[in-house]
Structure formats: C-alpha cells, structure tokens
Amino acid sequence: MSRQYDPHVIEEKWQEVWKRDGVYDVTEDAGKPKYYVLEMFPYPSGDIHMGHVRNYTIGDVIARQFSMRGYSVLHPIGWDAFGLPAENAAIKSDSHPATWTYANIEKQKSSFVRMGFSYDWNRSVVTCDEGYYRWGQWTFLQFWERGLVERRMSPVNWCPSCKTVLANEQVIGEGVCWRCKSAVEKRDLEQWYYKITEYAQELLDDLDKLPGWPERVKTMQANWIGRSEGAEVEFELCDADGEPSGRMITVFTTRPDTLFGCSFFLLAPEHPLVHELVHGTGYAAAVADVVERAAKETAVERSMGEREKHGAFTGRYVVNPVNGEKVPVWVADYVLMDYGTGAVMAVPSGDQRDFEFARAYGLDVPPVVVRHDDPLAAELGERCDCHTRDVPWESAYDGPGVMVQSGVFTGMQGGKGSEGMRAVTEALKEKDQGRFAINFRLRDWLISRQRYWGNPIPAIHCPTCGLVPVPESDLPVRLPEDVDVTKGETLADHPGFYETTCPSCGGDARRETDTMDTFTCSSWYYLRYADARNDEAIWDTNKADYWMPVDQYIGGIEHAILHLLYSRFFTKVFRDLGLLTYDEPFTNLLTQGMVKKDGETMSKSKGNVVAPEDMIARYGADTLRVYILFMAPPDKDLEWSNEGLDGIYRWLARVWRFVSEAAEESASGCGVAAAGDDAAKKLRRETHRVIAKVSDDIARFQLNTAIAALMELTNAAYEYRNAVPVGSRDLPLQHEAAAALTMLIAPFAPHMAEELWLEVLGSESSVHCQAWPEFDPSAIQVDEIELAVQVNGKVRGKVTVAVGLAEEDIIAVALTAVSAWVEGKEVKKVVVVAGKLVSVVVAG
RNA sequence: GCGGGCGUGGCGGAAUUGGCAGACGCGCCGGAUUUAGGAUCCGGUGGGCAACCGUGGAGGUUCGAGUCCUCUCGCCCGCACCA
C-alpha cells in the first residue's frame with residue numbers, strides 16, 4: 001500500500017538534501033548555453049507576502065525548466081537593504097537599523113527556503129554589507145571621473161516626513177513621496193546629481209532594442225524622458241526705457257512657426273531675472289505677490305489639474321526677433337522653472353494655456369496658424385503684416401493649418417513638424433537668434449539623501465581644494481555603527497565620521513555626510529551576482545560577460561520608471577567605462593500583476609493580509625506555488641481567495657496516487673508489456689500532447705494553462721485506469737505517462753516531484769537535473785479526425801473522416817451528414833478547412 | 001488632455017494565425033463508498049420547455065468574428081499647466 005501525499009514530511013527533507021548537495025549552485029560552464037533569470041530583489045521590510053510568493057515562484061519555474069532543458073542557469077537572490085524603513089523601525093523599537101535589517105533578511109531567507117526556491121545562495125548579496133556598498137562608492141568615483149557627477153544648488157523635492165530630498169522619479173502621483181506618500185515640498189539646496197540627462201537620447205532610442213519588454217513600460221519610460229523637438233529662440237530684452245539692451249533671453253518652443261503670434265512673454269516665478277527686472281519699480285509689489293503665492297504652493301496643489309493662472313506685468317518688453325515687435329514681459333505661475341529655460345514665448349491663439357492667460361489679463365490673441373477652412377484664412381489671405389489682434393475663437397488652435405500674418409512665411413504650412421516651423425527656424429539661424437533644438441523632460445538624478453542608513457558618498461569638502469573624491473585606495477568609506485537614529489542622528493552629527501583631512505592638500509577637511517539614494521544600490525546588483533564574492537574588483541569581466549545580460553527579468557510594474565530606468569542608465573555608463581560590452585541589462589521583462597484581496601493591495605494597515613507562511617503550514621509550499629500560478633496569468637492582477645487551494649491540493653494528491661500506483665504495478669509486473677489498443681494509444685497521445693503544450697506554455701509564460709494541461713494529463717491517466725482493468729494495463733506506457741508527468745510538474749511542485757522521482761519511481765539522481773521530456777510528434781498522429789459541419793455558419797453535424805481523405809470525398813460525407821439542412825436547397829459554396837470543419841452555404 | 005490596458009458562465013479564468021466559445025479549477029447538483037465526514041471516487045453543470053439565444057453595447061467585413069474594422073458605454077493604470 002502506497003503512502004498518502006504528505007507535503008510536510010517531504011518538503012523539508014528535500015530542502016535539506018538540495019542544500020547539502022548544492023543542486024542549485026552554478027558556475028560558468030562554457031559547454032552549455034547560459035540563461036540568467038532574475039526576480040527583483042526584495043526589501044527586507046518584514047515577513048514575505050503573497051506578492052513575493054508570486055514573483056519568486058514565476059522565476060523559479062522558469063529557472064528550473066531552463067535548467068532541465070540543459071542551460072547553465074543563474075538564478076540568484078539578495079536584499080535591497082539600505083533605506084528609510086529600517087531607520088523608522090529602529091526608532092520605533094529603540095534598536096539599530098542594522099539589527100532590524102539583518103533579522104528580517106534571516107526571516108525572509110528561511111521563508112524562501114521553505115518555498116523551495118532554487119537559488120544559488122553562494123551568490124547572495126546584501127546591499128548594506130560593506131563588501132557590496134564599497135563597490136557602489138567605487139562606481140560613484142568612476143562616474144565622477146567621467147564627468148557624470150555634479151554637486152549643484154537647485155530647487156529640489158523635499159519630503160518633510162522622511163526628512164530628505166528626493167529624485168524627480170520618487171515624487172509620484174499628485175506630488176507625494178513614493179515611500180511615505182507625504183506631500184513633497186520645494187527647497188533650494190545644494191545636492192549631488194548623477195547626470196542621467198547626458199544619456200536621455202540613448203535611453204529613449206534604445207527602447208527599440210527591447211522587443212521583449214511590455215509596450216506599457218516602454219511607453220511610460222518614453223513619456224518620462226519626454227523628448228520634444230523644436231527651436232531655441234532668442235529675444236532681446238529692453239531696458240527700463242523700452243530700448244533694446246543687447247541682453248538676450250532664450251526660450252524653447254516646439255512651435256517656432258507661431259512666432260508671429262507671440263503677443264507676450266513669460267517668466268517663471270522662480271526665474272532669476274524676475275527680481276532684477278522689477279526691483280525698485282512700480283511693478284515690484286504685484287510681481288512679488290505672484291512669486292510668493294507660487295512659492296507657497298506645494299507640489300500637490302501645483303498638480304491639481306487645471307488651475308486658475310496668475311501673473312503680473314513686469315513693466316519690461318522683449319523684442320520679437322522675427323518682426324521686431326516689442327512684446328510685454330509677464331511673470332506667470334504656470335511657467336515651470338525646471339523645464340526648458342524657465343522663460344516662454346506666449347502664443348495665445350496656438351496654445352490653450354496662453355489663450356486662457358490672455359483672456360484673463362486682456363492681452364492680444366492674434367491669429368497665426370489657422371485651419372484651412374477657417375474664415376480667417378480667407379479673410380487674412382495674403383496679408384503679411386499683423387493687423388488682426390484677436391480671434392473669435394473659444395479656445396486656442398494647435399493643429400496644422402495655414403500661416404497668416406507671418407511676414408514672408410504667410411501662406412506656408414504651419415503645425416508640428418511643418419515646413420513653416422523649419423523655415424522660421426532657418427531664418428532665425430541666419431540672424432543668429434535661434435536654432436533647431438531638442439528638449440527633454442528628464443531631469444538629472446538627485447542621489448544625495450540626508451539620512452544615516454545608506455551608502456556614504458565618498459567625497460571630501462576641502463576649504464582649499466574644494467570638492468575632492470575619496471581616493472580609491474581609501475574605500476570603503478565605512479558607515480559608522482555608533483550613530484543613534486533613535487535620537488534623530490545622522491552622519492552630520494558624528495564628528496568622528498566627518499572630521500578628516502584633505503587627500504589632496506592634507507589640510508583639515510570635512511567628509512560628505514549625505515548618503516546615496518538606495519536606488520543607486522539596486523542599479524547594478526544584477527551585475528554583482530555574476531561575481532558576488534569578488535574583493536578585488538566590482539566584477540570579473542569574463543564572468544559578467546558569461547552571464548549578462550539578464551535573459552529574463554521579473555518584477556512589479558511599480559518600477560517601470562524608477563529602478564528600470566536607473567539600471568539602464570548604469571549599464572550604459574558601465575559600457576562607456578569599458579566594464580561591459582552591451583547596451584541594455586534586461587533582454588526580456590515580465591511585469592507580474594499585483595496580488596490583491598477584496599480589490600485592494602494587501603497591507604497590514606488594511607488588515608487583509610494572507611500570510612504565505614500560514615498557507616505553507618496548512619497545505620505545503622508546492623500547493624501554494626501551484627495555486628498562485630494557476631489563479632491567473634503572471635502579468636495580470638490576481639484576486640486572492642482561499643477557495644481554490646483545496647482543489648490544487650486534491651490535484652497534487654491525485655498525481656501522487658497515480659504515480660505511486662503506476663510504480664507499484666510496474667514493480668509487480670501486474671500488466672502487459674505493450675497493449676497497443678485504443679485506450680493505450682490515447683494515453684500516449686495525451687502524454688505527448690501535454691509535453692508539447694507545457695513546454696510551449698512555459699515559453700510563453702502561460703503558467704496557468706501549463707498547469708491546466710498537467711491536470712488534463714492527470715485526468716487522462718485516470719480515464720485510462722478506469723477503462724482498463726488491473727492486469728491488462730500497458731505497463732511501459734503507464735510508466736512513461738507517470739515519469740513524464742513527474743518531470744513536467746517538477747518546476748511547479750519541486751518537492752513532490754523529487755519525492756516521486758527518487759523514492760517512488762526509484763531513480764538515481766534528482767528530477768531537477770533530468771533532461772526535460774521530449775515531445776514525440778509520431779505519438780499524437782491519428783488515423784481519423786472529427787470535423788464539424790456548418791450550414792450557413794451554424795454547426796449542424798459532425799463527421800469522422802480518415803486523415804488525408806480527398807476534399808471532394810470530405811464534402812460528399814459532410815453533405816450527407818447535414819442532408820436535413822441541405823435537402824431541396826441550392827448549395828452555393830462549400831469551404832473545407834483542413835482538420836477543422838466543413839462550411840456549407842445554401843441559398844434561401 | 002496625452003499614453004497604456006481591460007470588459008467572456010455563480011467565481012478565477014481558457015480559446016497562438018478569424019474555424020465547434022466556456023479548456024482547467026473552484027462552487028453547485030446527483031450518484032457510489034463509508035460508522036461518520038467538509039475525505040475519496042464516478043457523473044452532470046452558460047441561458048431557455050423548445051426553435052433558438054449567448055463573449056459590455058450598436059453597426060460592418062467574411063462561408064465563418066471573443067478574435068479584424070467603425071462608432072459607443074463602463075472600469076483600471078501611468079503621466080500631466082512640459083511651452
């Protein structure tokens with residue numbers, strides 16, 4: 001009598017064996033093709049949740065299957081361990097961030113082991129380990145040497161709750177902090193930047209090199225980078241008396257063809273010129289009012305959709321370079337200082353925002369590019385000079401049209417990318433008052449953080465030499481342990497840390513006390529896995545070249561911009577530093593859907609968390625793994641429910657019983673050597689159909705249907721056993737089905753498969769080291785096939801015909817089968833679809 | 001506003017190129033077995049008495065549409081005063 005399926009007995013046993021035998025340890029094997037499957041590493045914030053289970057189970061199935069297919073598979077894990085939650089938790093529990101972090105890592109690690117994930121633990125990295133973060137500092141120095149590091153004063157995002165600055169990418173939604181969701185404030189501070197904008201064009205262009213990425217992610221990145229083509233135009237500023245001063249102010253515009261319609265000129269409230277222009281004039285008070293009002297607004301208020309626009313005249317004018325017209329300079333709160341130049345040429349007839357502003361303040365709205373069928377086009381006809389100062393429109397028109405009142409350009413095509421746009425820019429170029437230009441929305445990456453639990457920035461402030469990099473030989477700059485975050489301390493409160501001497505002149509100097517954004521740590525961890533224990537270099541180029549790029553990356557959509565954009569940037573810089581030879585780090589990307597409960601994301605505060613550990617304790621890891629994959633395709637959101645778990649457990653027990661009984665029968669010889677009857681053929685056909693189906697489904701990440709196919713094979717096995725009595729069963733064939741099922745199920749339910757393979761089927765070596773079952777096309781061949789017969793689009797009958805029967809014979813049989821529907825009617829047309837159906841069209 | 005995506009039984013979801021809609025599982029119904037079971041096994045299960053009707057809705061292309069085209073309704077996500 002065979003044993004019952006008992007996951008709790010077998011799972012722990014195999015986890016220990018796998019660890020003892022190093023089943024998942026890999027090295028560079030020149031004799032095998034490599035495959036690098038990576039899941040985004042976790043933040044050690046506490047116990048693992050269902051999102052982790054889903055993410056890592058998907059990756060584990062892929063890793064295990066590629067391994068069985070003969071690939072040398074790199075499948076590592078680590079922890080993104082620096083960051084604010086550790087500090088907050090330390091304050092709450094009156095301990096040290098490191099204590100909390102390492103305790104959580106241990107907890108998560110043991111959960112991952114209990115889930116049966118096939119990680120090579122020798123390659124594990126923890127970003128707060130000195131052996132890791134020193135290379136992050138080294139990277140900083142390389143970037144600096146290449147001119148990609150800059151420290152500068154600028155308006156920055158400040159999270160008052162996290163008490164640190166944030167990168168643009170970390171301000172999300174309605175202007176809130178990505179981590180704590182507090183409203184972000186603007187402050188003028190001197191900070192460290194990575195010059196990601198130097199790579200803006202390439203980061204955009206190379207999205208085309210990523211056919212294996214979801215369209216959604218690429219679109220989000222493209223929008224974030226935000227490339228605009230247009231022109232820079234220089235306007236000459238007039239002095240207080242209205243006379244040209246010789247000083248130029250540059251604007252960026254995507255529509256130089258509308259330049260003749262520019263009736264006013266705008267400066268952002270934060271623009272450095274504003275104060276100078278109005279200082280001591282009668283306009284100062286009104287302008288200051290606008291400036292102060294804008295400064296008080298939080299980012300949240302700023303992003304509240306369509307707001308009323310406010311502005312004030314500065315009393316000054318600029319000269320429009322195309323027609324010499326003097327246009328008034330206003331300060332307006334809808335002009336952004338951090339996009340373009342902070343100054344804008346306003347064309348109210350062609351831009352809705354300018355239109356609204358002009359209407360609010362009674363400014364001119366001269367038509368300049370109008371629809372071809374607009375009465376204004378005919379009325380203004382050939383007129384080149386600007387005499388119409390207003391339009392009878394309800395809103396601005398920014399589409400393509402004909403240029404009017406535009407000097408020598410009148411009559412030309414206007415619009416985005418139009419001939420008029422090129423012609424006007426060429427004309428400006430000749431006068432040296434403009435040029436073709438491209439503008440990006442992407443800002444440089446602000447990487448400094450005013451927090452303790454991070455990677456110290458390896459720089460020194462010397463009163464004599466200025467900013468000096470820490471010499472490579474002095475790395476790492478160690479994060480001191482005796483900083484008490486529970487008292488609100490940072491590195492800036494720690495003289496033992498910041499008091500130093502200048503590496504250049506030897507004089508007294510102050511060490512930088514900011515740490516790096518945690519996203520700098522996660523921008524290169526996938527490379528470190530290739531050579532995780534290297535103390536001599538960030539990695540050995542041969543090893544990195546063997547494993548990289550990552551063939552399949554799996555993680556949440558929340559990193560569509562943040563982590564994925566930063567990592568692409570790092571890869572390109574490493575390439576330019578000669579550390580790699582390719583352009584993109586992640587060849588294929590799968591963004592797995594979220595695991596929700598009652599329509600919401602699971603969280604402790606909502607009290608709707610289903611703990612994976614509880615499910616493992618009840619059903620075992622294999623059931624949990626299969627269930628979370630079976631519920632939905634990997635890229636779709638998933639609504640968690642405990643309902644179906646019993647069904648999966650039931651199925652695994654059915655597989656267990658079938659394989660056990662098949663093994664027993666084979667051992668006792670209670671059956672026949674080869675039956676060759678219809679039932680046997682059918683089982684063999686199912687076995688091979690499912691081998692093909694599961695292989696194909698895994699390749700397409702349709703893991704839910706792969707499992708469904710395995711259930712079908714199980715059903716077919718039971719159907720066979722119900723149809724054929726003990727003693728008459730085809731033993732080799734039954735064994736083939738049992739072995740195939742065991743191997744096919746191995747990536748999904750690795751513990752049960754191992755137990756069945758080694759202990760029940762009595763094999764010698766781990767199922768996870770076996771060759772993936774091979775599909776035999778001859779096994780699924782059939783002599784006869786059933787065709788549906790349609791009459792006027794409706795299925796009216798079925799016929800079974802020999803494979804390869806001539807078309808006219810098929811038609812004859814088909815017409816007989818549906819004679820009741822065809823009799824007495826004219827058959828107008830018959831379509832035969834090979835192997836599928838016959839479609840008959842009759843008149844009437 | 002711009003961009004991406006989704007709408008299929010009571011539920012989760014199948015249906016690679018247009019070819020028998022609802023695979024597979026849950027749930028439910030019936031039966032067998034059992035001292036008993038929320039265990040196990042076998043069978044049934046879109047709606048309708050039927051002809052027929054059914055993939056958010058309305059058209060269209062086609063012998064044939066969940067799939068392609070046009071319009072439309074609803075929901076989700078990302079960015080958003082970006083000049």
Side-chain angles (χ1 to χ4, degrees), chain A residues 4 172-175 214-224 226-228 230 251-255 258 266 268 302-309 332-336 338-347 350-354 356-357 398 439-442 557-558 560-561 594 599 626-627 630-633 635-648 650-651 653-654 657 693 696-697 700 702 704-712 714-715 718 722 786-798 828-842:
Chain A
Q4 291 260 304
I172 59 163
E174 315 252 277
E215 216 47 52
R216 179 159 67 131
V217 174
K218 289 191 278 187
T219 310
M220 281 166 76
Q221 291 212 359
N223 289 345
W224 186 260
R227 182 182 195 271
S228 293
V251 300
F252 173 77
T253 176
T254 53
R255 294 293 303 280
T258 64
L266 300 169
R302 273 214 162 194
S303 66
M304 283 292 185
E306 297 287 303
R307 297 165 318 133
E308 210 174 306
K309 297 168 175 57
D333 63 357
Y334 68 96
V335 179
L336 307 172
D338 56 6
Y339 183 77
T341 62
V344 171
M345 59 174 242
V347 182
D351 182 288
Q352 186 57 25
R353 296 155 298 171
D354 297 342
E356 286 165 20
F357 191 79
D398 62 5
N439 203 34
F440 290 96
R441 212 187 72 116
L442 182 71
I557 187 72
E558 67 272 18
I561 294 172
M594 290 195 292
V626 171
Y627 182 56
F630 183 65
M631 282 174 92
D635 57 331
K636 285 212 180 138
D637 281 357
L638 177 157
E639 171 69 28
W640 179 269
S641 148
N642 287 346
E643 289 292 299
L645 273 160
D646 289 315
I648 299 299
R650 221 154 29 221
W651 172 56
R654 263 159 64 79
R657 191 161 62 85
K693 168 84 175 150
D696 190 41
D697 279 353
R700 294 186 301 133
Q702 301 277 37
N704 54 331
T705 52
I707 292 165
L710 291 169
M711 289 171 173
E712 284 170 334
T714 313
N715 292 343
Y718 277 92
N722 287 336
E786 190 187 59
L787 302 178
V789 186
Q790 293 184 342
V791 180
N792 287 354
K794 292 198 165 70
V795 177
R796 297 301 188 188
K798 304 258 168 115
K828 297 183 76 174
K829 191 175 177 183
V830 181
V831 179
V832 178
V833 182
K836 299 265 183 185
L837 55 71
V838 181
S839 184
V840 182
V841 187
V842 296

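Each chain gets a letter, A, B and so on, in the order the sequences are listed, and its residues count up from 1.
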Looking only at atom [atom1], what distance separates [N] and [M], rounded to whole Å?
N	M	atom1	value
B:A36	B:G47	P	33 Å
B:U55	B:G74	C1'	16 Å
B:A50	B:U70	P	39 Å
B:G43	B:A21	P	24 Å
B:G4	B:C71	P	15 Å
B:U72	B:C77	P	23 Å
B:C69	B:G1	P	23 Å
B:C76	B:G37	C1'	44 Å

Applying a 4.0 Å non-hydrogen cut-off, can you work out what [X] is touching in the nucleic acid: base, sugar-phosphate, or nothing?
X	value
A:V841	sugar-phosphate
A:R796	sugar-phosphate
A:N722	sugar-phosphate
A:D338	nothing
A:P633	sugar-phosphate
A:D646	nothing
A:R700	base
A:G226	nothing

Please report the distance, rounded to the nearest Å, between [atom1] in [X] and [atom2] in [N].
X	N	atom1	atom2	result
A:R657	B:A39	CZ	P	15 Å
A:R216	B:C76	CZ	P	15 Å
A:I561	B:C77	CD1	P	16 Å
A:K794	B:G54	NZ	C1'	12 Å
A:M220	B:C2	CE	P	18 Å
A:E215	B:C77	CD	P	21 Å
A:D697	B:A23	CG	P	16 Å
A:E639	B:C76	CD	C1'	14 Å

Does a side-chain N or O from [X] land closer than 4.0 Å to OP1 or OP2 of [N], or not?
X	N	value
A:N223	B:C82	no
A:N792	B:G64	no
A:R650	B:C26	yes

Using Watson-Crick or G-U wobble geometry with both distances below 3.5 Å, tell me the partner of [N], or none.
N	value
B:U67	none
B:C11	B:G25
B:G18	none
B:G30	B:C42
B:G1	B:C79
B:G74	B:C6

Practice item. Measure the spacing between OH of A:Y334 and CD of A:E356 and express it to the nearest 0.5 Å. Key: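 It comes to 8.5 Å.
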Check your understanding: Are A:V841 and A:N792 close enough, and set up right, to give a side chain to side chain contact (heavy atoms under 4.5 Å, CB included), and what steps lead you there?
Key -> CA-CA 5 Å; A:V841 187; A:N792 287 354; 3.7 Å; yes
Which nucleotide wins on minimum distance to the side chain of [X], given the candidates [options]?
X	options	answer
A:T705	B:A14, B:G25, B:G78	B:A14
A:K636	B:A83, B:G4, B:A14	B:A14
A:E786	B:C42, B:C20, B:C79	B:C20
A:I172	B:C79, B:G19, B:G13	B:C79
A:Y718	B:C42, B:C63, B:A83	B:C42
A:W224	B:A83, B:C24, B:C79	B:C79
A:E643	B:C26, B:A23, B:G12	B:C26
A:E712	B:A83, B:A15, B:C24	B:C24
A:R441	B:G19, B:C24, B:A80	B:A80
A:R654	B:G13, B:A83, B:C41	B:C41

Exercise for review: Using atom types as modelled and distance alone, determine if a side-chain donor or acceptor of A:D398 lies under 3.5 Å from a backbone N or O of A:D351.
Suggested key: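 Not a single qualifying donor-acceptor pair exists.
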Review point. With a 4.5 Å limit on heavy-atom distance, are the side chains of A:V831 and A:Q790 in contact?
Key: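 A:V831 vs A:Q790: side chains apart.
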Check your understanding: Is there a side-chain contact between A:V789 and A:R796, using heavy atoms and a 4.5 Å cut-off?
Key ->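 Side chain of A:V789 against side chain of A:R796, heavy atoms only: no contact under 4.5 Å found.
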**Study point:** Face-on cation placement of A:K309 at A:F357 ring, 6.0 Å and 45° thresholds
**Key:**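 The answer is no, since A:K309 fails at least one limit relative to A:F357.
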Check your understanding: 5'-most contact on RNA chain B: A:L787 or A:V831, nearest heavy atom basis?
Key ->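 With A:L787 and A:V831 compared, the 5'-side residue is A:L787.
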Review point. When you match A:G647 and A:S228 each to their closest nucleotide on RNA chain B, which lands nearer the 5' end?
Key: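 It is A:G647 whose nearest nucleotide is closer to the 5' end.
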**Study point:** Evaluation steps, side chain to side chain contact (heavy atoms under 4.5 Å, CB included), between A:T254 and A:N439
**Key:** CA-CA 9 Å; A:T254 53; A:N439 203 34; over 6 Å; no
Practice item. Syn or anti for B:G9, please, going by whether the chi angle lies within 90° of 0. Key: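 Syn.
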**Study point:** Check: A:Y627 ring centre within less than 6.0 Å of A:W640 ring centre
**Key:**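 They qualify: ring centres under 6.0 Å apart.
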Practice item. For A:R441 and A:N223, test the side chains for any donor-to-acceptor distance below 3.5 angstrom and give the result as yes or no. Key: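 No pair is found: no donor N or O on one side chain lies under 3.5 Å from an acceptor on the other.
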